[in-house]
Amino acid sequence: MRPELLELEKFEEGNPVNKERDKFNRRNEALLYHNDPVGVLFIGDSITAYWDLDSYFELTNGKRIINRGISNDRSMYLKRRFQADALQLKPDYIILSIGVNNTKDLDQQLDQETSDQLVMQITQDIKDMVSMAETQHIPMAITSVTATNRRHLKSFELRAATIKRINDELQQFAQRQRIPYIDYYSRMTLTGDVDCLNPELSDDGLHPHVLGYDIMAQTVVDTLTDVPLKLKHP
């Protein structure tokens with residue numbers, strides 16, 4: 001008998017989340033049908049989606065590591081799919097990483113008001129998802145938004161300042177909630193007049209390559225000392 005499943009319908013036409021909807025609905029159903037225990041679930045945008053988690057991590061309790069990242073996802077879209085792609089799978093732990101794509105709005109509206117709205121939107125969406133997980137007694141960690149290094153964009157400096165503000169808010173929120181804050185930003189960013197992603201960690205100034213993911217993986221296990229997650233290649 002097929003399991004009861006929260007099968008999320010596709011969003012409005014053109015929404016970037018749609019491209020993975022059918023795949024994730026089918027994969028979620030298989031996990032529920034087989035009662036396949038999920039140990040850690042990573043959820044986020046392309047920085048999560050492109051991460052070959054099984055090459056970096058293993059769980060010492062034999063449970064599954066699941067990737068629910070979608071390219072071009074934003075905080076408000078992730079919140080709409082959070083129940084379907086994370087909570088209904090009842091993972092032991094959730095690692096949430098989202099927000100950098102929201103800041104693309106600065107490419108169209110390069111002003112402080114837009115920056116302020118982005119900080120509010122991203123941090124509130126993340127707070128709401130933490131609350132949703134707490135209601136179902138699922139522990140989770142939130143991560144920093146990673147820096148960018150796309151200096152050709154007019155929004156580069158304001159985007160850098162906005163990301164820094166978002167991370168300050170998220171770190172303070174995590175401290176108040178007593179949940180882990182996984183700080184990729186401080187380990188991957190060159191600081192100066194304008195903070196930027198270390199160019200040695202990315203080919204396009206946004207997405208990490210293998211050296212960037214090495215740092216991210218180490219940061220995860222350094223932070224989540226109570227989770228049975230270990231590096232495959234320490």
Distance-minimising heavy-atom pair for S115 and T162: OG-OG1, 2.7 Å
Aromatic F11 / basic R21 pairing, under 6.0 angstrom, 45° off normal: no
Donor-acceptor contact present, side-chain N25 to main-chain L8, <3.5 Å: yes
Steps toward side chain to side chain contact (heavy atoms under 4.5 Å, CB included) verdict (V40, I66): CA-CA 6 Å; V40 177; I66 298 297; over 6 Å; no
Check: S144/N167 side-chain N/O donor and acceptor closer than 3.5 Å: no
Considering all heavy atoms, the nearest S97-T143 contact: OG-OG1, 2.8 Å
Those residues that, when tested against L211, pass side-chain contact (heavy atoms from CB on, under 4.5 Å) (two or more places apart): L201, H209, D214
N15 and E12 side chains, donor-acceptor separation under 3.5 Å: yes
Residues in side-chain contact (heavy atoms from CB on, under 4.5 Å) contact with M120, at least two apart in sequence or another chain: none
Transitive ILVMFWY side-chain link L53 to I142, under 4.5 Å: yes
Exam field: side chain T223 to backbone T219, donor-acceptor pair closer than 3.5 Å: yes
Pair F42 and Y93, ring centroids less than 6.0 Å apart: no
Derivation of the salt bridge (charged side-chain N to carboxylate O under 4.0 Å, His left out) call for R81 and D73: CA-CA 10 Å; R81 68 183 182 91; D73 205 357; 2.8 Å; yes
Check: E134/Q177 side-chain N/O donor and acceptor closer than 3.5 Å: yes
Within 6.0 Å of CG in D193, more than 12 heavy atoms from elsewhere: no
Same cluster (ILVMFWY, side-chain, under 4.5 Å), L41 and L32: yes
For M140 against M129, the heavy-atom pair lying closest together: SD-O, 3.9 Å
Residues D183, S186; criterion side-chain hydrogen bond (donor to acceptor under 3.5 Å, both in side chains); working and verdict: CA-CA 6 Å; D183 188 5; S186 66; 2.9 Å; yes
Check: E58 side chain, K232 main-chain N or O, donor-acceptor pair, under 3.5 Å: no
Single-linkage hydrophobic cluster, 4.5 Å side-chain cutoff, F82 and F24 together: no
Ion pair check, R74 and D125, cut-off under 4.0 Å: no
Side-chain donor/acceptor of S155 to backbone N/O of R159, under 3.5 Å: no
By side-chain contact (heavy atoms from CB on, under 4.5 Å) - contacts of K154 (at least two apart): L110
N101 and T103 side chains, donor-acceptor separation under 3.5 Å: no
Non-hydrogen atoms of A141 and L224 that approach each other most closely: CB-CD2, 4.0 Å
Under-4.0 Å salt bridge between R187 and D222: yes
Q124 and D128: side chain donor to acceptor below 3.5 Å: yes
Least distance between heavy atoms, I98 atom then G44 atom: CD1-C, 4.0 Å
Min side-chain heavy-atom separation F173-T123 under 4.5 Å: no
Side chain proximity check, P208 to M188, heavy atoms < 4.5 angstrom: yes
CG on L229 to CD1 on I65, rounded to 0.5 Å: 5.0 Å
Contact check, side chains of F57 and V220, non-hydrogen atoms, under 4.5 Å: yes
Short side-chain donor-acceptor distance under 3.5 Å, N72 and K104: yes
R2 atom CZ, over 12 foreign heavy atoms within 6.0 Å: no
Reference residue L78; test side-chain contact (heavy atoms from CB on, under 4.5 Å); the match among I70, L96, D85, D45: L96
Close side-chain approach of D195 to Y185, heavy-atom, < 4.5 Å: yes
Derivation and outcome, side chain to side chain contact (heavy atoms under 4.5 Å, CB included), residues K10 and V17: CA-CA 8 Å; K10 290 185 177 180; V17 171; over 6 Å; no
Donor-acceptor pair, side chain of N149 and main chain of L197, under 3.5 angstrom: yes
Aromatic ring pairing W51/Y213, orientation class (parallel under 30°, perpendicular over 60°, tilted between): parallel
D116 and Q112 side chains, donor-acceptor separation under 3.5 Å: yes
Residues, nucleotides or ligands: over 12 heavy atoms within 6.0 Å of E113 CD: no
Side chain N28, main chain E7, donor-acceptor under 3.5 Å: no
Atom of P91, atom of I138 and distance for their closest heavy-atom approach: O-CG2, 3.5 Å
Within one Ile-Leu-Val-Met-Phe-Trp-Tyr cluster: V221 and I179, side-chain cutoff 4.5 Å: yes
CA sep, side-chain torsions, deciding dist, call: S75, N102, side-chain hydrogen bond (donor to acceptor under 3.5 Å, both in side chains): CA-CA 7 Å; S75 63; N102 295 58; 3.0 Å; yes
